[in-house]
Amino acid sequence: MNESTHIQLKILVERAVRPVRAGLRNKQKMREEMLAHVIGVYEEELQETGNESAALARTAERFGDPSELTDQLQGTVPARDAFDRLLDRVWFRPGEPTLRRAVRHALLLDVIVFLYIAAVFAVLHGAVADMLGGRWPLAAMTVYTTSVLLAMFFFVVGFTFLAEWLRRVLDGPTGRPWLKILLIAVGSCLLVPGIGFGLWLDGATLNLKDLLLVLALGLVVPGMVVHMAKVLAVRLRDHREWTALPLDGQSV
Amino acid sequence: MDAIQGDQLRGHLETMILSTLERGETHGLEILRRLDEAGCGLLKLKEGSLYPALYRLEAAGSVEAEFEAESHGRRGARRRIYRLTRQGRQVLEQGRAEWQRFVTVVGGILGAPA
């Protein structure tokens, strides 16, 4: 099958799938499965007719009206998919500069963590106040919360950049720039200990247990960076492959 | 004999899909082939419509599906393989019983008993 036919078959599928309001993962499942189907049908028809354009026309006819199919597919999207769509909108914005994405994610996570800490303190307020003889340790709480929020912010920003750099390496031309990969690996290992050290210099107290936890997290982060880079690479590749298809003015 | 079109299949397509999967797990195109074969070529279904029906069955727990590991030359597009679940078998049995009742009752009314 030549490239032009392959694109025509993808357009056939994309006409039905693109208007569906569903999460990216769900839509990608529909695209891939239905593309495999129309490729199978096209090969069958080509064998029968021996003519590429006739086979393409027969494939489109057998597949059915895309707008009717869109409605049918929409009917299969479960209500819980709305959460996936929300996550997609927050997490995946193709073309967004890395710094902006990193800061946006970091601030969002800080807001969530802050609300969580506030809720925990609110729940524990009575117990802690009783334990401390009615005295509420506001200063200690402020230092603790600020340290956590700062650490989260720098972690997310650093993590986002490391994952993006690795994603570019994976998406790049063949051959691996080992020096870059080595630097990313070292950066990943040092991300958490570096933040811990920075907070320690800033006056936060770290005991041996905290230190061991920081070192253990340092060993986990490279795996997380690799995973995130791979997920990002696949998402971007799928996005480029499907959303670039011109749906108007093409006849299949 | 006239072909049976998609609209006439409404309400029965899902049970028929379950019935084809009784013969073993397979992908969408093969399900259509099995339907065509069992319907002696008289079943005319817009093929895209098969997938919403499969997704509904999957959501209801009547079938399970997973992508093939390889795309086998379909340029990266993998097929999903569907298999009947225990719940799907029960739904199929129910569908068959309901169909028998329908045919008996309506056939009796129309003066054309099954």
Side-chain angles (χ1 to χ4, degrees), chain A residues 1-10 12-17 20 22 25-45 58-81 234 237-238 240-242 252, chain B residues 3-14 17 20 25-37 39 41 43-83:
Chain A
M1 182 190 309
N2 61 37
E3 187 58 28
S4 159
T5 305
H6 190 237
I7 288 175
Q8 293 293 311
L9 292 173
K10 280 166 77 174
L12 183 61
V13 170
E14 186 63 359
R15 278 192 179 139
V17 176
V20 176
R25 200 175 44 175
N26 199 356
K27 285 174 87 161
Q28 201 54 35
K29 174 194 78 179
M30 295 175 187
R31 284 169 174 143
E32 184 170 353
E33 179 170 33
M34 290 199 275
L35 178 62
H37 180 94
V38 292
I39 288 174
V41 173
Y42 172 80
E43 282 166 356
E44 245 178 48
E45 292 293 339
R58 277 286 301 143
T59 304
E61 196 186 317
R62 279 175 59 174
F63 192 61
D65 179 11
S67 60
E68 274 179 29
L69 185 52
T70 301
D71 293 341
Q72 292 173 15
L73 288 170
Q74 189 64 58
T76 69
V77 177
R80 65 173 183 277
D81 191 86
V234 169
R237 193 197 60 209
D238 290 343
R240 278 198 293 260
E241 190 182 333
W242 289 93
V252 178
Chain B
I4 299 172
Q5 304 291 334
D7 281 350
Q8 293 166 282
L9 296 173
R10 194 159 293 158
H12 305 295
L13 178 60
E14 290 168 26
I17 291 171
T20 64
E25 61 177 40
T26 191
H27 52 84
L29 193 52
E30 180 58 26
I31 291 173
L32 283 167
R33 285 192 194 119
R34 288 179 187 178
L35 282 173
D36 192 51
E37 192 186 303
L43 228 50
K44 295 295 170 210
L45 175 70
K46 290 299 177 193
E47 297 187 10
S49 302
L50 175 74
Y51 291 96
L54 283 168
Y55 298 155
R56 280 193 296 273
L57 286 169
E58 192 180 2
S62 297
V63 298
E64 289 171 340
E66 58 186 332
F67 274 109
E68 286 177 317
E70 298 288 327
S71 64
H72 303 293
R74 283 180 304 279
R75 304 182 66 163
R78 293 167 304 159
R79 297 182 296 207
R80 284 179 97 220
I81 304 297
Y82 291 87
R83 83 182 61 85

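Chain A is the first sequence line, chain B the second, and so forth, proteins listed ahead of strands; every chain is numbered from 1. Quick caveat, the model's predicted, so the values are computed rather than measured.
- Heavy-atom neighbours of B/Arg83 CZ from other residues, nucleotides or ligands within 6.0 Å: above the threshold of 12.
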Could you please spell out the steps behind the side-chain contact (heavy atoms from CB on, under 4.5 Å) verdict for A/Glu33 and B/Tyr51? CA-CA 9 Å; A/Glu33 179 170 33; B/Tyr51 291 96; 3.4 Å; yes
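- Between the side chain of A/Glu32 and the backbone N or O of B/Arg78, at least one donor-acceptor pair lies under 3.5 Å.
- Residues satisfying the side-chain hydrogen bond (donor to acceptor under 3.5 Å, both in side chains) criterion with A/Ser67, sequence neighbours excluded, are A/Asp65.
- Without hydrogens or angle criteria, B/Lys46 side chain to A/Glu68 main chain gives no donor-acceptor distance under 3.5 Å.
- No part of A/Glu241 comes within reach of chain B, as not one of its non-hydrogen atoms sits under 4.5 angstrom from that chain.
- Applying a 4.5 Å heavy-atom cutoff, the residues of residues 55-66 of chain B that approach chain A are B/Tyr55, B/Arg56, B/Glu58.
- Considering only heavy-atom pairs separated by less than 4.5 Å from chain A, the leading option among B/Ala53, B/Pro52, B/Gly28 is B/Pro52.
- Considering only residues two or more places apart in sequence or on other chains, A/Arg62 meets the side-chain contact (heavy atoms from CB on, under 4.5 Å) condition with A/Val41, A/Glu44, A/Glu45, A/Arg58, B/Leu29, B/Glu47.
- With sequence neighbours excluded, no residue forms a side-chain hydrogen bond (donor to acceptor under 3.5 Å, both in side chains) with A/Thr70.
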Please walk me through it: do A/His37 and B/Arg79 pass side-chain contact (heavy atoms from CB on, under 4.5 Å)? CA-CA 7 Å; A/His37 180 94; B/Arg79 297 182 296 207; over 6 Å; no
